[in-house]
Amino acid sequence: MSRKIGFWLLWLGFLTYAFVFAPPDQPDTLELITNLSTGKWAGINPLIVSLFNLMGVFPLIYSCLLFIDGRGQKIPAWIFATISMGVGAFALLPYLALRQPNPTFPGQKNLLLKLLDARLTGVVLSIGAIALVAYGLGKGDWTDFFQQWQTSRFIHVMSLDFCLLCVLFPALLGDDMARRGMNNSVIFWLTALIPLFGSLVYLCVRPPLPEDSSTVASQQVMT
């Protein structure tokens with residue numbers, strides 16, 4: 001119960017900070033978002049371009065756990081995963097507060113779950129993230145980024161959202177490892193403590209999710 005209360009308090013605190021205490025909106029925010037979304041990156045700090053696109057990669061990383069975790073939940077995980085594509089941790093925190101511990105996976109994987117469970121998906125996401133980080137760090141202007149972080153609500157909140165997504169991943173990691181029979185605290189802490197790339201490496205090395213053989217057998221008998 002205290003864990004659930006903690007997630008709700010974190011969600012309320014993040015909402016309050018984002019809309020009350022964060023820097024004000026800038027007049028060109030909508031234009032900036034439009035240009036970032038449509039690939040019109042000329043004149044935009046590469047650090048902002050990189051961060052914006054990484055905020056699209058991170059929900060996909062979470063989806064590789066969320067859709068599987070949702071199989072054993074009373075709440076539909078896909079709704080929170082889909083909304084997180086646009087609002088990040090604002091959508092994920094309520095799911096973490098509402099979900100129940102779920103260290104097992106009942107039934108079979110459908111096509112979507114097979115895709116999200118595949119190591120190839122982790123490899124593709126890793127390549128994309130590495131390219132974005134290299135682009136931002138190699139060509140970005142940190143002085144300009146820090147100035148915009150201090151004056152733009154969009155940049156400020158997006159940065160904090162990214163940090164929060166890095167911190168929250170272990171909340172789903174333990175059950176995902178248990179579903180795969182991974183009883184290794186070293187892997188858990190390496191994944192948890194390395195921002196972004198810890199979760200990506202985990203997706204690349206985790207063993208395939210075992211299916212419920214009894215459910216598979218019963219379905220084969222019925223057919």
Point to revise | Neighbour count above 12 (heavy atom, 6.0 Å) for N183 CG | key: no
Review point. Going by heavy atoms in the side chains, are F162 and F52 under 4.5 Å from each other?
Key: no
Point to revise | Reported CG-to-SG distance for the pair L125 and C204, which is rounded to 0.5 angstrom | key: 8.0 Å
Point to revise | Over all atoms of both residues, closest heavy-atom pair of L66 and A81 | key: CD1-CB, 3.9 Å
**Study point:** Residue pair Y17 / L160, side-chain heavy-atom distance below 4.5 Å
**Key:** yes
Point to revise | Interatomic distance, I194 atom CD1 to W189 atom CH2 [nearest 0.5 angstrom] | key: 13.0 Å
Point to revise | Minimal non-hydrogen separation, K109 against L209, with atom names | key: NZ-O, 3.2 Å
Going by atom type alone, with no hydrogens or angles, which donor-acceptor pairs under 3.5 Å involve a side-chain atom of residues 89-106 and a protein atom two or more places apart or on another chain?
| from | atom 1 | to | atom 2 | distance (Å) |
| --- | --- | --- | --- | --- |
| Y95 | OH | D69 | OD2 | 2.5 |
| R99 | NE | D69 | OD2 | 2.9 |
| R99 | NH2 | D69 | OD1 | 2.6 |
| R99 | NH2 | D175 | OD2 | 2.7 |
| N102 | ND2 | D69 | O | 2.8 |

Review point. Which heavy atom of T191 sits nearest a heavy atom of G198, and at what distance?
Key: CG2-O, 3.5 Å
**Study point:** Side chain W41, main chain L36, donor-acceptor under 3.5 Å
**Key:** yes
Exercise for review: Check whether Y62 and L120 end up in the same hydrophobic cluster, where Ile, Leu, Val, Met, Phe, Trp and Tyr are linked by side-chain heavy atoms less than 4.5 Å apart.
Suggested key: no
Practice item. Taking the side chain as every heavy atom from C-beta outward, state whether Q150 and I155 have any atom pair closer than 4.5 Å. Key: no
Study note, to complete from the structure: In short, G174 meets F188 closest at the heavy-atom pair N-CE1, 3.8 Å
Review point. Rounded to the nearest 0.5 Å, how far does OG of S152 lie from CG of L32?
Key: 7.0 Å
Point to revise | side-chain contact (heavy atoms from CB on, under 4.5 Å) evaluation trace for F169 with L196 | key: CA-CA 9 Å; F169 192 77; L196 178 61; over 6 Å; no
Review point. Hey, what else clusters with V201 if you join Ile, Leu, Val, Met, Phe, Trp, Tyr whenever side-chain heavy atoms sit under 4.5 Å?
Key: V205
Check your understanding: Do V87 and F19 share a hydrophobic cluster (ILVMFWY, side-chain heavy atoms under 4.5 Å, transitive)?
Key -> yes
Practice item. Kindly give the heavy-atom pair with the smallest separation between G136 and S50, and that separation in Å. Key: CA-CB, 3.8 Å
Practice item. Please step through side-chain contact (heavy atoms from CB on, under 4.5 Å) for the pair L60 and M85, ending with a clear verdict. Key: CA-CA 8 Å; L60 293 176; M85 299 291 181; 3.4 Å; yes
Review point. Does the R153 side chain pair with the main chain of F21, one donor and one acceptor, at a distance under 3.5 Å?
Key: no
Review point. For L193, does the CG atom sit with more than 12 other heavy atoms under 6.0 Å from it, leaving out its own atoms?
Key: yes
Review point. When you check the side-chain N and O atoms of N45 and D144, is any donor under 3.5 Å from an acceptor?
Key: yes
Check your understanding: How many angstroms lie between atom CG of L65 and atom CG of D176, to the nearest 0.5 angstrom?
Key -> 4.0 Å
Check your understanding: What do you reckon, is CZ of F197 surrounded by more than 12 foreign heavy atoms closer than 6.0 Å?
Key -> yes
Exercise for review: Look up atom CD1 in I61 and atom CG in L200, then write down how far apart they are to the nearest 0.5 Å.
Suggested key: 4.0 Å
Revision key, fill the gap. Heavy-atom closest pair (V186 atom, N184 atom, distance to 0.1 Å) is N-OD1, 2.9 Å
Check your understanding: Linking I/L/V/M/F/W/Y whenever their side-chain heavy atoms sit closer than 4.5 Å, directly or via other members, would F80 and L112 fall into one cluster?
Key -> yes
Check your understanding: Under 4.0 Å between a Lys/Arg side-chain N and an Asp/Glu carboxylate O for R179 and D117?
Key -> no
Point to revise | Heavy-atom donor-acceptor pair, T151 side chain to Q147 backbone, under 3.5 Å | key: yes
Exercise for review: Share the residues that join V123 in a hydrophobic cluster, the rule being Ile, Leu, Val, Met, Phe, Trp or Tyr side chains under 4.5 Å apart at the heavy-atom level.
Suggested key: I127
Exercise for review: Assess whether side-chain contact (heavy atoms from CB on, under 4.5 Å) is satisfied between S199 and F58, documenting all intermediate values.
Suggested key: CA-CA 9 Å; S199 58; F58 235 142; 4.2 Å; yes
Point to revise | Main-chain N/O of E31 paired to N35 side chain as donor or acceptor, under 3.5 Å | key: yes
Check your understanding: Hey, any chance I44 and L30 share a hydrophobic cluster, counting ILVMFWY side chains that come within less than 4.5 Å of each other, even indirectly?
Key -> no
Point to revise | Shared hydrophobic cluster, L115 / Y202 (ILVMFWY, side-chain heavy atoms < 4.5 Å) | key: no
Point to revise | Check against side-chain contact (heavy atoms from CB on, under 4.5 Å), M158 and W149 | key: CA-CA 9 Å; M158 181 169 60; W149 186 83; over 6 Å; no
Review point. Ignoring hydrogens and geometry, is there a side-chain-to-backbone donor-acceptor pair from R119 to R206 under 3.5 Å?
Key: yes
Check your understanding: Which value, rounded to the nearest 0.5 Å, describes the distance between S159 atom OG and I48 atom CD1?
Key -> 8.0 Å
